[in-house]
Trainee: 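Okay, here's the structure, questions in a sec.
A note on names: the letters A, B, ... follow the listed sequences, proteins ahead of strands, and every chain is numbered from 1. The structure displayed is predicted, hence computed values, not measured ones.
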Amino acid sequence: MTPHILVVEDELELLQALRVRLTASGFSCETAENGKEGLMKLSTCQPDLIIADLLMPEMDGYEMCRRLKSDARTASIPVVVLTAVPERGLERQVYHLGAASIMHKPFESGELIATVRDVLATTTGGGTPNG
Amino acid sequence: MAHTPVSVLLFEDDEGQALLTKEALEKEGFTVEVCQTGREGLDRILTSDFHVYLIDMKLPDIQGVEVLRRVNTLKPGAMSIIVTGHGDEVAAVEAMKLGAYDYIVKSPYMGHLAALPLVIREGLDRKRLKEEHEQLQAELWEHARLLEERNAELRRINEELKRMDQLKSDLVSMVSHELRTPLATIKEFTAILSDQIAGPITHDQQEYLSIVKANIDRLARIIDDLLDMAKIEAGRVLLHRGFVEARPLIDHVVQSLRPLAESKQIELVVEAPKVSPGVFADSDKVTQVLLNLVSNAIKFIEGAGRVTISVEEQSSDVQFSVQDTGVGISKDDLPRLFEKFQQFRRMSGASGSKGTGLGLAISKRLVELHGGRIWATSEEGHGSVFFFTLPKYHLEEVFREHLKHGIEQAKLKHSRFSITIVSLPNFQELKALYGLEETSRLLKELEVTLRETVREGRGDIVIRWQRGEMVVILAEADQAGSRAIADRMKRLIEGRTFSVANVSIKVPVVTATATYPDEALTEDELLKVGEGRLRKSEEPRTRILVVDDEPKIRQFLKEALELREYEVLAAASGPEALEQLKSHKVDLVLLDLMMPVMDGYEVYHLIKEDPQTKDIPVIIVTAKGERKDRQLGMDSASYNYIAKPFQLEDLLAKVREVLVHQHRARMRA
């Protein structure tokens, strides 16, 4: 089965690039433009993993993480944070939110895909796509 | 003034007096003009200045005092001297208050005229001194004012600079965030093209895209470096220093740069002693410096070559060096090497491998933040050597640093907390017996054991390696609370065995606590209070047996006495108390009278009858009205009592008094 990924990112062109990249790597992809929209998407689809930016309008990534981690239906979905916030000490804070991994912009796409596969492998016990 | 004659305007209506005065003064070199009425004199003043105004108090038209007032108004700072009749001194004093310089009393035979020149001269001298003094004072004030103005200006500039610095650093972090976001989009679409996800591309297109990618990466590095530099310059880089062993750090750097080096046929060599020295440093920052120096070295080698990274312990610090077989640096460039935005020639390879112009400047600042130095030597065509030093690792220094950090954190989060010192009294023997490595491991294991009692987020443990001590910082614990936890820690450690060099041993510990802010405010003070208690607890302590059937009172007395460094045993009944006395050496008994099974009277007698215990002082704790000396069959001088309900301080005073008394008695015996 193709793993399903929700990407939450307010930079629409980057969102488009991520969709192209993930699709080409064998994932199916759903997108949202901010945290609020991300949570709304979660009520209709059950992704295997979420890639989320931190600083977004309406609802930022921190708040979105907090909410989905406190909801039993969504708490188990792993989150990979993708951020341009230049603080090196951010890792700890992000893991505290319950994120599975963090990547800094600009990122290497190879590294992002590898991270997504790693996280999927550890949380679902296999089920990595070919690609 | 000796050359210009002193001019005097004399207000005097009596012609004879005026004449005599004029003569007397002119003989002494004064020039004198006389006016017979106040009006005439005041008119004269409008057109001329005089050095001295000599004013008779009694003028026909205007009172002398009024003349004086007008003279002072017309000629501010003028010197006026009042001439007054005998018996009119009160008016003269009044005139002085109005600003007259002096007064002279007319004598019946004109004797005062002889004194007049002197009075005038003296007055003039005083006036001159006063003026000079005033001028100096004014100059001084002016200086002070200018100084204050300049200080204010400096303060303002300083504030402004600070604000600009903050602004700059905020701006840089904001800009770097704003730059990274579009950069991520550019990079990702470039990668999508180059990975041919959007369709096949030609070989040339592939090459051009790799140049784009290299430059995107370079731009990202520049953003990183700019941000680093801004943070350093704003003083916002905090070092998280600890023990860092040099060798693994170097190996890590070599490992991450090996692919780059191998692609250029450059050999990376590490020269370090088997037991590599330890430094007191922030390992992330040292890694950053080494990565920078080694990647620079690789960059400056044209063709095949070698980079040698070595570390060497010196008397006061540890010296690292990175030597390359590259093109070297010209003499002109050497002095400017560590300045910002210095790009030096001979950059080979793709444009993407170019530096950011900040690497060495950042390295210099990072090394200096550690209290080290950085420098380079080079010979053009024969490569370069970069050196930097870092302070050696001092165990006690590290402990202090960590403790300080822990306590600062605790202060931020909690209004009250305690430190508990858990100390191994025979640590030095253990070290001698089992070696440093094994004892260090033991300390680590003790720390793990202690962590069980320190809940997550509510405490911190700092190991004092040199002394075999652990300082536990406990959140929201008051004196009694931390003491209870310290006891639990002691039981926890002493209740199990530890394996050291394959030997199972018991580890006795002593504990002491200090509470913020009740007992001390700074980490030094807290440590001092704790250590003071630790020393005391290593000495044999005074042991008190508390006998009371009421659990609450027993517990209260136990806690109160333990806070005062007494060791406390407790018994809930008479028989239990006697049992305790058999198995422990006790220095004092606090005895409740009204107890079931065996009351206090009986316990008292049994204590006093047993030769083993008869010398132990007893304080009877009893409710008012219960005291029955006769029933005790004792004279009141030989025992002590305190009535319930008692003030804690009274009880403690009684305990001290009895112990001191006992001590003296023993000394006499």
Side-chain angles (χ1 to χ4, degrees), chain A residues 5 7-27 29 31 33-34 51-57 60-62 80-96 102-116 129 131, chain B residues 169-199 209-210 212-232 234 236-240 282-285 287-288 352 366 456-457:
Chain A
I5 295 176
V7 187
V8 189
E9 165 69 61
D10 63 319
E11 198 73 24
L12 298 188
E13 283 147 352
L14 183 59
L15 194 59
Q16 187 191 349
L18 285 166
R19 181 203 278 281
V20 171
R21 169 64 66 184
L22 288 166
T23 311
S25 304
F27 301 98
C29 197
T31 59
E33 293 175 22
N34 59 51
I51 295 175
D53 189 14
L54 282 182
L55 298 188
M56 293 181 288
D60 64 20
Y62 297 103
V80 173
V81 166
L82 186 59
T83 178
V85 176
E87 291 298 322
R88 291 217 165 91
L90 198 67
E91 269 84 353
R92 219 174 173 172
Q93 205 182 332
V94 165
Y95 290 129
H96 210 72
I102 179 171
M103 298 213 56
H104 293 277
K105 294 177 191 173
F107 54 91
E108 294 286 341
S109 23
E111 228 174 283
L112 177 70
I113 297 303
T115 303
V116 166
Chain B
S169 128
D170 288 349
L171 187 76
V172 170
S173 19
M174 200 267 285
V175 164
S176 90
H177 175 257
E178 294 306 305
L179 289 176
R180 271 174 231 266
T181 305
L183 211 53
T185 308
I186 298 171
K187 184 168 167 147
E188 189 48 36
F189 274 116
T190 309
I192 286 169
L193 290 178
S194 134
D195 291 348
Q196 314 205 26
I197 292 170
L209 282 175
S210 75
V212 174
K213 181 184 185 304
N215 276 283
I216 291 169
D217 290 346
R218 180 169 170 220
L219 201 50
R221 282 202 307 278
I222 291 175
I223 295 169
D224 282 344
D225 280 0
L226 272 175
L227 186 64
D228 270 359
M229 199 67 206
K231 270 196 206 153
I232 293 171
R236 279 210 257 166
V237 169
L238 296 176
L239 295 181
H240 301 290
D282 183 328
S283 65
D284 284 352
K285 304 288 186 292
T287 303
Q288 196 179 344
L366 289 178
E456 186 63 35

Trainee: Where do B:K213 and A:E108 land on the side chain to side chain contact (heavy atoms under 4.5 Å, CB included) test, with the steps shown first?
Mentor: CA-CA 10 Å; B:K213 181 184 185 304; A:E108 294 286 341; 3.3 Å; yes
Trainee: Any side-chain heavy atom of A:K105 sitting closer than 4.5 Å to one from B:L183?
Mentor: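 Not touching, per the 4.5 Å side-chain cut-off.
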Trainee: Got a sec, which residues hit side-chain contact (heavy atoms from CB on, under 4.5 Å) with A:D10, two or more places apart in sequence or on another chain?
Mentor: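 side-chain contact (heavy atoms from CB on, under 4.5 Å) check on A:D10 returns A:D53, A:M56, A:P57.
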Trainee: Which one wins on heavy-atom pair count under 4.5 Å against chain A: B:L179, B:I192, B:I186, B:I216?
Mentor: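 Of the options given, most contacts go to B:I192.
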Trainee: Side chain from CB out, backbone as N, CA, C, O: work out which of these in B:D195 comes under 4.5 Å of a heavy atom of chain A, or both, or neither.
Mentor: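 For B:D195, the side chain is the part near chain A, not the backbone.
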Trainee: Checking A:E13 against chain B: side chain, backbone, both or neither under 4.5 Å from a heavy atom?
Mentor: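 Its backbone and side chain both get close to chain B.
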Trainee: Take A:F107 and B:E188 through the side chain to side chain contact (heavy atoms under 4.5 Å, CB included) test and state the conclusion after the steps.
Mentor: CA-CA 8 Å; A:F107 54 91; B:E188 189 48 36; 3.4 Å; yes
Trainee: Answer with side chain, backbone, both or neither: which region of A:L55 has an atom nearer than 4.5 Å to a non-hydrogen atom of chain B?
Mentor: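 Contact with chain B: side chain only.
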Trainee: Taking all non-hydrogen atoms of both residues, which atom of A:P106 and which atom of B:R180 are closest, and how far apart?
Mentor: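 Where A:P106 meets B:R180 most closely, the heavy atoms are CD-CG, 3.9 Å.
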Trainee: Looking at NE2 of B:H177 and OG1 of A:T83, how far apart are the two atoms once the value is rounded to the nearest 0.5 Å?
Mentor: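 It comes to 5.5 Å.
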